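Just so it is clear, the model here is predicted, and its values are computed rather than measured.
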Amino acid sequence: MSASDPPGRIRRIAVALDASPHSLQGLALAAGIAAALNAELEGVFVEDTELLRLARLPFLRELRIATLCESALDAERLERELRAAARGVRERLERTASELGVVSSFRVWRGDLEAEILGAGLDAELFALGRIGRFAPLRRRPRPTAPRTTFGGLVVGVLYTGSEGSKRVLSIALELGIRHAASLVVILQPATHADAATLRNRALEQLGPVREQTRLVSLEASDAAGLAATLRNLGMDLLVLDETNPLLTRASLWTSLETLGCPVAIGR
């Protein structure tokens with residue numbers, strides 16, 4: 001960080017990618033955030049080691065939908081297809097970044113998708129993650145076929161617990177909303193029912209002059225299912241939360257990605 005950078009400035013945004021359409025939608029959103037915050041965009045193409053391990057099991061078969069032909073899984077062919085997919089995603093990343101005037105980088109990461117992705121050697125301050133790998137086909141509600149790279153008309157939600165991390169991600173969301181006409185929803189997560197009023201007052205204080213234009217909602221349930229219902233009711237396009245949120249424990253994170261219906265951006 002240079003001496004001229006303000007404290008807490010987002011310098012780099014990483015986004016997890018694969019070849020699925022849902023992943024490319026996440027890329028568009030991450031690129032839009034990078035452009036809005038004048039940050040660098042890093043694309044991380046994910047090769048799931050569990051998928052590659054399964055492809056080498058001799059008893060597994062694949063059924064090709066187009067021909068209805070069954071055959072043994074070919075691990076070498078899968079490797080070639082992943083390399084080709086990575087090239088295509090990299091080209092899409094570079095094209096999107098160029099259109100928005102964003103500095104970009106790209107790398108391939110191979111590991112245990114569920115256990116390691118949040119700690120995949122990333123030094124980005126914000127990490128965008130949507131349905132990739134085995135979660136890609138599970139989207140609950142229809143999305144635009146052409147991903148948008150601007151925030152006008154989007155609904156951005158923030159999970160707010162009153163922690164320093166949640167205050168920081170609220171500041172990020174505020175900048176997106178103020179500068180790019182996104183609608184902002186603050187989802188309050190009080191530790192107890194008695195804490196709800198105090199947490200609401202803290203959020204209102206941080207919102208300042210935009211408090212009248214911001215919707216505040218209390219999350220009755222702290223689990224992924226309760227959050228998913230809240231997001232569906234609000235029509236959320238992007239959820240922002242900090243890395244210390246309890247929903248980002250291993251089991252909860254992947255349950256959340258199955259049910260949330262929108263990408264998440266994680267403040268690190």
Side-chain angles (χ1 to χ4, degrees), residues 10 12-17 20-41 43 92-93 95-97 99-102 104 124-132 135-136 138-160 166 168-189 203 206-217 219 227-242 245 247 256-257 259-267:
I10 300 296
R12 178 177 296 175
I13 296 165
V15 55
L17 302 167
S20 70
H22 309 293
S23 168
L24 296 179
Q25 183 187 33
L27 167 59
L29 279 169
I33 297 173
L37 301 179
N38 194 27
E40 179 184 341
L41 177 65
R92 180 66 172 267
L93 168 73
R95 184 167 61 252
T96 301
E99 291 170 353
L100 294 175
V102 171
S104 67
E125 292 88 0
L126 198 65
F127 181 42
L129 180 62
R131 284 189 178 133
I132 58 176
F135 300 116
L138 298 177
R139 185 166 298 282
R140 304 291 188 186
R141 61 189 179 109
R143 308 297 296 171
T145 55
R148 292 181 288 177
T149 54
T150 61
F151 282 87
L154 292 185
V155 181
V156 177
V158 180
L159 285 182
Y160 187 82
S166 68
R168 185 162 180 261
V169 296
L170 178 54
S171 296
I172 295 169
L174 276 169
E175 188 169 359
L176 292 174
I178 292 171
R179 293 174 57 184
H180 297 274
S183 298
L184 180 62
V185 180
V186 177
I187 304 172
L188 304 172
Q189 282 186 291
Q206 185 173 351
L207 289 168
V210 300
R211 64 176 66 186
E212 298 299 329
Q213 293 81 44
T214 304
R215 184 173 180 181
L216 273 68
V217 177
L219 185 63
L227 176 60
T230 300
L231 298 188
R232 284 195 299 271
N233 291 337
L234 296 171
M236 202 70 66
D237 293 292
L238 174 68
L239 179 68
V240 188
L241 67 163
D242 75 278
N245 193 289
L247 285 170
S256 299
L257 289 177
T259 59
L260 291 185
C262 69
V264 299
I266 302 165

Hey, is the main chain of V155 close enough, under 3.5 Å, to the side chain of D237 for a donor-acceptor pair?
-> yes
Salt bridge (Lys or Arg N to Asp or Glu O under 4.0 Å): pairs with one or both residues in [range], sequence neighbours excluded:
{"range": "residues 21-36", "value": "none"}
{"range": "residues 27-40", "value": "R12-E40"}
{"range": "residues 21-39", "value": "none"}

Does some side-chain heavy atom of R92 sit less than 4.5 Å from a side-chain heavy atom of L17?
->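 Of all side-chain heavy-atom pairs linking R92 with L17, none is under 4.5 Å.
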Nearest 0.5 Å, what's the [atom1]-[atom2] distance between [X] and [Y]?
{"X": "I13", "Y": "E125", "atom1": "CD1", "atom2": "CD", "value": "8.5 Å"}
{"X": "T230", "Y": "L219", "atom1": "OG1", "atom2": "CG", "value": "5.0 Å"}
{"X": "Q189", "Y": "N245", "atom1": "CD", "atom2": "CG", "value": "4.5 Å"}
{"X": "L188", "Y": "L216", "atom1": "CG", "atom2": "CG", "value": "5.0 Å"}
{"X": "L239", "Y": "I266", "atom1": "CG", "atom2": "CD1", "value": "9.5 Å"}
{"X": "L174", "Y": "L207", "atom1": "CG", "atom2": "CG", "value": "5.5 Å"}

Go through the steps to decide whether M236 and I187 satisfy the test side chain to side chain contact (heavy atoms under 4.5 Å, CB included), and finish with yes or no.
-> CA-CA 11 Å; M236 202 70 66; I187 304 172; 4.1 Å; yes
D242 and R168: CA distance, side-chain angles, deciding distance, side chain to side chain contact (heavy atoms under 4.5 Å, CB included) verdict = CA-CA 8 Å; D242 75 278; R168 185 162 180 261; over 6 Å; no
Is the CZ atom of R211 crowded by more than 12 outside heavy atoms at less than 6.0 Å?
->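 Enclosed.
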Quick one: do I10 and I33 satisfy side chain to side chain contact (heavy atoms under 4.5 Å, CB included)? Show the steps, please.
-> CA-CA 10 Å; I10 300 296; I33 297 173; over 6 Å; no
Apply side chain to side chain contact (heavy atoms under 4.5 Å, CB included) to L100 and L41, showing your working.
-> CA-CA 11 Å; L100 294 175; L41 177 65; over 6 Å; no
